[in-house]
Amino acid sequence: MSNEVIMDIKKVLFKEGEVAGKLYMIKSGEVLCLKASQDRLIPVFRAKAQDIIGENAMITGATYSYSAIATERSQLIEISAQ
């Protein structure tokens, strides 16, 4: 099942360690992916149009290995495992 999602700037899409049940394809905008390291958040990558995030965690049934935060208003397609 898929849904279209609009994310405003600074909105958290998902957090590192949460159980993953969804993956996201970015249609427009940008999402910053961050990994926690001690007391800091380290940028891992910036996802832009046509990038997919969260797929590994959703496919394997694991938790998200990073957090994802919109850095600008973004339009995404949310695909759930069920």
Side-chain angles (χ1 to χ4, degrees):
M1 177 189 297
S2 67
N3 295 314
E4 194 164 300
V5 177
I6 303 294
M7 296 292 295
D8 286 324
I9 191 168
K10 296 185 181 177
K11 291 290 184 178
V12 176
L13 189 56
F14 55 81
K15 293 182 181 179
E16 182 177 349
E18 288 181 342
V19 175
K22 300 173 183 173
L23 66 82
Y24 299 87
M25 184 175 81
I26 291 120
K27 288 181 72 174
S28 66
E30 182 178 88
V31 176
L32 180 61
C33 299
L34 304 156
K35 185 122 178 95
S37 177
Q38 297 174 349
D39 60 348
R40 302 178 350 163
L41 289 174
I42 299 170
V44 178
F45 63 94
R46 290 184 184 272
K48 297 182 180 185
Q50 299 185 7
D51 286 340
I52 297 173
I53 58 174
E55 72 281 6
N56 189 47
M58 187 192 86
I59 290 168
T60 63
T63 60
Y64 292 114
S65 60
Y66 53 85
S67 297
I69 301 168
T71 56
E72 57 187 60
R73 187 171 171 85
S74 301
Q75 183 179 10
L76 306 108
I77 296 174
E78 175 186 83
I79 301 170
S80 64
Q82 300 164 10

> Can you pull the ring pair (Phe, Tyr, Trp, His ring centres under 6.0 Å) pairs that have at least one residue in residues 57-82, sequence neighbours excluded?
Replying inline: Phe14-Tyr64, Phe14-Tyr66, Phe45-Tyr66
>> Restricting to non-hydrogen atoms, name the atom on Ala68 and the atom on Val31 that form the minimum distance, rounded to 0.1 Å.
In response: CB-CG1, 3.6 Å
> Ile77: which other cluster members, linking ILVMFWY side chains closer than 4.5 Å, directly or transitively?
Replying inline: Leu23, Met25, Ile52, Met58, Ile79
> So which pairs with a foot in residues 54-65 pass salt bridge (Lys or Arg N to Asp or Glu O under 4.0 Å), sequence neighbours left out?
Replying inline: none
>> Can you tell me how far apart CG (Leu32) and CG (Leu41) are? Round to the nearest 0.5 Å.
In response: 9.0 Å
>> Lys48: which residues meet the salt bridge (Lys or Arg N to Asp or Glu O under 4.0 Å) condition with it, sequence neighbours left out?
In response: Glu30
> Is Ser65 close to Asn56 at the side-chain level, that is, under 4.5 Å between some pair of heavy atoms?
Replying inline: no
>> To the nearest 0.5 Å, what is the distance between CE on Met7 and CD1 on Ile69?
In response: 9.0 Å
>> Enumerate the side chain to side chain donor-acceptor pair (under 3.5 Å) contacts for residues 4-20, please, sequence neighbours excluded, ordered by first and then second residue.
In response: Glu4-Lys27, Glu4-Gln75, Asp8-Arg73, Glu16-Lys35
> Ile53 and Ala47: which non-hydrogen atoms are nearest, and at how many Å?
Replying inline: CG2-CB, 3.6 Å
>> Taking transitive links into account, so neighbours of neighbours count too, which hydrophobic residues share a cluster with Ile42 at under 4.5 Å side-chain distance?
In response: none
> Taking atom NZ of Lys22 and atom CG of Leu13, what is their separation to the nearest 0.5 Å?
Replying inline: 9.0 Å
